[in-house]
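Reckoned from all heavy atoms, side chains included, excluding hydrogens, waters and symmetry mates.
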Amino acid sequence: MGGIGIKNLEEILETVSVFENDYDYVEIDLGVVRADTGIGLSGTSLTVKDLTGGASVSVKFNAVAKPLVPLAKGEVYALRFGEVYLTNAAQAGATLKLFIGKVS
């Protein structure tokens with residue numbers, strides 16, 4: 001008797017939407033300059049909850065070879081990522097607040 005097989009089942013499950021059931025909430029001090037600095041975050045979505053000051057802040061997901069994605073308050077990125085690389089000019093008193101959705 002045939003079946004879909006483990007490999008096919010894994011491919012199907014990867015395309016099925018799964019609701020996030022865990023999260024991290026982080027506040028990052030933008031007073032320190034960063035260039036493609038890994039910040040140790042992984043998840044399935046990233047929401048920019050707040051970005052104070054006029055700081056220019058960008059991220060790359062999963063690899064430093066990826067293009068920079070400029071961030072702005074309220075933006076949501078829904079993708080699976082194993083690391084976030086942060087780039088920002090130093091701006092005293094500025095902060096970046098991120099909500100990181102996860103599936104546990």
Side-chain angles (χ1 to χ4, degrees):
M1 181 171 177
I4 62 171
I6 295 296
K7 178 105 173 124
N8 291 353
L9 180 58
E10 288 172 353
E11 290 174 3
I12 292 167
L13 289 175
E14 286 179 5
T15 63
V16 174
S17 250
V18 178
F19 289 105
E20 296 168 337
N21 60 356
D22 197 6
Y23 66 92
D24 283 329
Y25 186 77
V26 296
E27 182 173 338
I28 299 167
D29 177 7
L30 298 175
V32 177
V33 67
R34 293 177 184 84
D36 292 337
T37 303
I39 56 176
L41 297 175
S42 62
T44 51
S45 72
L46 179 145
T47 303
V48 181
K49 295 301 288 179
D50 199 14
L51 179 56
T52 63
S56 173
V57 180
S58 299
V59 295
K60 295 177 181 179
F61 295 98
N62 296 320
V64 294
K66 296 290 187 178
L68 280 170
V69 177
L71 297 183
K73 183 178 177 178
E75 291 181 327
V76 178
Y77 299 92
L79 72 155
R80 187 177 301 154
F81 55 92
E83 180 60 275
V84 175
Y85 299 93
L86 183 62
T87 297
N88 65 278
Q91 184 173 351
T95 58
L96 170 64
K97 295 178 183 178
L98 300 174
F99 179 91
I100 307 298
K102 299 177 170 214
V103 176
S104 61

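- With values rounded to the nearest 0.5 angstrom, Thr52 atom OG1 is found 6.5 Å from Leu30 atom CG.
- In this structure, CD in Glu83 is found 10.0 Å from OG1 in Thr37, a value given to the nearest 0.5 Å.
- By the 4.5 Å heavy-atom criterion applied to side chains, Lys49 and Leu98 are not counted as neighbours.
- One distance of note links CG of Leu46 with CG of Leu41; it measures 7.5 Å at 0.5 Å rounding.
- Between Val57 and the choices Leu71, Leu68, Val48, the side-chain contact (heavy atoms from CB on, under 4.5 Å) rule is met once, by Leu71.
- Two different hydrophobic clusters hold Tyr85 and Leu96 under the rule that ILVMFWY side chains link at heavy-atom gaps under 4.5 Å.
- By the rule that hydrophobic residues join a cluster once side-chain heavy atoms approach within less than 4.5 Å of another member, Val103 and Tyr25 end up as members of separate clusters.
- In this structure a side-chain-to-backbone donor-acceptor pair under 3.5 Å is missing from Glu75 to Thr47.
- Considering every non-hydrogen atom in both Ala90 and Gly31, the closest pair reads CB-O, 3.5 Å.
- When side chains are defined from C-beta on, Ile28 counts as touching Ile39, because their heavy atoms get closer than 4.5 Å.
- Of the possible polar contacts, none joining the Glu27 side chain to the Thr95 backbone as a donor-acceptor pair under 3.5 Å is found.
- With no hydrogens or angles considered, a side-chain donor-acceptor pair links Ser45 and Glu20 at under 3.5 Å.
- What you find for Gly82 and Ser42 is that their closest heavy atoms are O-CB, 3.6 Å.
- If you take CG on Asp50 and NZ on Lys73, they are separated by 4.5 Å, rounding to the nearest 0.5 Å.
- In terms of the ring-ring contact (aromatic ring centres under 6.0 Å, His included) criterion, residue partners of Phe61 (sequence neighbours excluded) are, by chain and number, Tyr77, Phe81.
- Atom CD1 of Ile100 is separated from atom CG of Asp24 by 7.0 Å, given to the nearest 0.5 angstrom.
- Side chains of Thr87 and Val59 form no contact here, defined as non-hydrogen atoms less than 4.5 Å apart.
- Screening residues 30-52 for ring-ring contact (aromatic ring centres under 6.0 Å, His included) gives no qualifying pairs among residues at least two apart or on separate chains.
- Within the 3.5 Å criterion, the main-chain N or O of Val32 finds a donor-acceptor partner in the side chain of Asn88.
- When atom types are taken as modelled, the side chain of Asn62 and the backbone of Val84 share no donor-acceptor pair closer than 3.5 angstrom.
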